[in-house]
*Asks:* 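Handing you a structure now.
Start at 1 and go down the list; that is how both ligands and their atoms are numbered.
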Amino acid sequence: MLVSIAILTAGTAVQVHALEKRQSFNQSLPPIITLNGSTIENPTAYSTPFVLNVEDMWDLFIGPVDSPSLTTTVQATPVPSSELIPPPPLYYSPFPSGAQYPTEQKNESWSFPKDFWWGVAGAAWQVEGAVKAEGRGPSVWDVLAHRVTNFAYENGTADISDNHYYMYKQDIARIAALGVKAYSFSISWSRIMPFGRGPVNQLAIDHYNDLINTCLEYGVIPMATLYHWDTPLALQDTYGGWLSENIVNDFVEYARVCYAAFGDRVDHWFTVNEPSVFCNQYPLPAMYFKNFTIPNIQQPFYCGHHVLLAHSQAYHLGTSMMSNSTIGWKSNGGYKVPLTNSSEDAEAVQRAWDFTEGWWSDPIYLTGDYNDNVKAFVSDFLPPFSDQQKTAILGSADLYAHDAYTAQFNYAPDGGIAACVANSSNPLYPACANTTFTYSPQDGGWLIGPASDPLASWLYKATEWVPPFLHYIKDTWAKDLPIAVSEFGFAEPFERQKSYLQDILFDPIRSSYYHDYMRAILIALSEGVNVVGCLAWSFVDNFEWASAYGVRFGMQYVNFSDPELPRYYKASFFEYKSAFDIYQEK
Ligand code: GBH
């Protein structure tokens, strides 16, 4: 163990800032012209000769990190049967409600197919903790949480989080005990390759091998996401991360390493999670990362361009390396409802689709290229895709996987869409679609559904919109391809403020969300939409990005104040499971 870490850090260190070929966007400072007309090099453009190893990167860019109390893999113990007793029912009947309650327990015209995979999801940086363990390199999120004051709620860090890095065996045993069929996890790029490129860390490969083998041992289908927002810091600081075309090859090489190591046992792959989200994260906060200059408003679209190239190449590589694979990517966005029946609001809805789901889905499922609204904006600065690139992008997914949490109303910006499109300083530019979660006053002014936690102000329970949403995805992009709801879930309001364990575990709005969501998928299935699986977010409370530990999405509570980080099933987990007990074909 120690030997391989030493080789990794000493032998192959990365030169973080020096020696990189300048990118086209990296405008170097102009030379200084002296009074006598001669030029001298601008000294602020000198580069360092430093060579940094993994440990140096942590020390210089992150600082001290917390360590978990458990630092070796915890063996699973059987889940006591007393923990598997479901809670008493909520105010509604389990299935269906109405006159026949309580004698009829089932709607006989609904079912989940036998091979429908229902599962739970997490993501490496949110659940693993153990951020420095076994040679992991830092990611941009370690900087954001540690260095950028108030970036994360109460300045929380993911240093320890759920300690899933050491507790995965027990976590898998606990989901298996409830009959969960699939576990969707992400692989930490900077564990596998501490600098995002170059040396491969065998200890990280061993870790994910064991996680995957544990899934198989418990009869749980492992599903792997290659990238869930944790860009290796070295790539961000070497060339700007997703802003640079250099990331395309580096991502594809990383994908190759993962497919080669795990592809014999993992059939389900997602390349990237929610590119609309992580591309819109650019520009990263100034002065915490190496500075590269691209106009702020263009940065998300440079990122997007490289995502489409990286994804499509990784898709084709995976298809060539693995024979039984299903490879996709995870789209995101809420269902878009026009606020009024005006033609401007209809156009706002279309623009909202075009700049969120359609930004990726139109190239991948329809044309190989951007839709007209995105193209009208990006053609001023991005190179057009070559014919070869378009051919690679079109058809680069075996399914349509959508993270479909909620729905919202869209409407035209004040002053109208045309004025917004003509004014790049409008805060809604370039999408130029406004969003609200309340019906218009003439429609009563109610919220679209019950609110989740105030720290997740983007999320309302709007489950009755799920069937039309799934139809829309089928009709617009998926066509004959299977559809999966690759994430959905709910943050029970103010859960962090509860202190009595049994009160935390009884989560009525989240439970009704899962109940009604399952009913919505059953309705869509009965109407001919080919939904093949769904993954609930999340199997545990975890580090919710900027909301850190302030927002809880878990179907298991984790007591973060106890160094052993014990897990407890919430009522919603039983609600989710019960839909399959009742409706899945045996
Ligand atoms: C998923 O994104 C993520 O994949 C997952 O990691 C996350 O834990 C889960 O949701 C729960 O949030 O604060 O107004 O800027 C869901 C889509 C898009 C929702 C970005 C939050 C930020 C809105 N996310 N959005 S805002």
*Asks:* Does a donor on one side chain and an acceptor on the other come within less than 3.5 Å for D398 and T326?
*Replies:*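 Short answer, no.
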*Asks:* Once you round to the nearest 0.5 Å, how far does CD1 of I172 lie from CE of M167?
*Replies:*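 Taking CD1 in I172 and CE in M167, the distance rounds to 12.5 Å.
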*Asks:* For S312 and L309, indicate whether the former's side chain and the latter's backbone hold a donor-acceptor pair under 3.5 Å.
*Replies:*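 Yes, because the side chain of S312 sits within donor-acceptor range (under 3.5 Å) of the backbone of L309.
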*Asks:* Please report the C-alpha distance between Y405 and E487 in whole Å, then the side-chain angles of each, then the deciding distance to 0.1 Å, and finally whether the side chain to side chain donor-acceptor pair (under 3.5 Å) criterion is met.
*Replies:* CA-CA 7 Å; Y405 282 80; E487 278 181 33; 2.5 Å; yes
*Asks:* On the 0 to 90° scale, with breaks at 30° and 60°, tag the W125-W545 ring pair as parallel, tilted or perpendicular.
*Replies:*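 W125 and W545: parallel rings.
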*Asks:* Report all N/O contacts between ligand 1 and the protein shorter than 3.5 Å as a table of atom names and distances to 0.1 Å; if there are none, say 'none'.
*Replies:*
unit_1: ligand 1; atom_1: 2 (O); unit_2: E274; atom_2: OE1; d: 2.7
unit_1: ligand 1; atom_1: 2 (O); unit_2: E274; atom_2: OE2; d: 3.0
unit_1: ligand 1; atom_1: 4 (O); unit_2: H228; atom_2: NE2; d: 3.3
unit_1: ligand 1; atom_1: 4 (O); unit_2: N273; atom_2: ND2; d: 3.1
unit_1: ligand 1; atom_1: 4 (O); unit_2: E274; atom_2: OE1; d: 3.4
unit_1: ligand 1; atom_1: 4 (O); unit_2: E274; atom_2: OE2; d: 3.4
unit_1: ligand 1; atom_1: 4 (O); unit_2: E487; atom_2: OE1; d: 3.0
unit_1: ligand 1; atom_1: 4 (O); unit_2: E487; atom_2: OE2; d: 3.0
unit_1: ligand 1; atom_1: 6 (O); unit_2: Q126; atom_2: OE1; d: 2.8
unit_1: ligand 1; atom_1: 6 (O); unit_2: H228; atom_2: NE2; d: 2.8
unit_1: ligand 1; atom_1: 6 (O); unit_2: W545; atom_2: NE1; d: 2.8
unit_1: ligand 1; atom_1: 8 (O); unit_2: Q126; atom_2: NE2; d: 2.9
unit_1: ligand 1; atom_1: 8 (O); unit_2: W537; atom_2: NE1; d: 3.1
unit_1: ligand 1; atom_1: 8 (O); unit_2: E544; atom_2: OE1; d: 2.6
unit_1: ligand 1; atom_1: 10 (O); unit_2: Y405; atom_2: OH; d: 3.2
unit_1: ligand 1; atom_1: 12 (O); unit_2: E544; atom_2: OE2; d: 2.5

*Asks:* Please, which pairs that meet salt bridge (charged side-chain N to carboxylate O under 4.0 Å, His left out) have at least one residue in residues 160-179, sequence neighbours excluded?
*Replies:*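 Residue pairs with at least one partner in residues 160-179: E83-R174, K169-D210, D171-R567.
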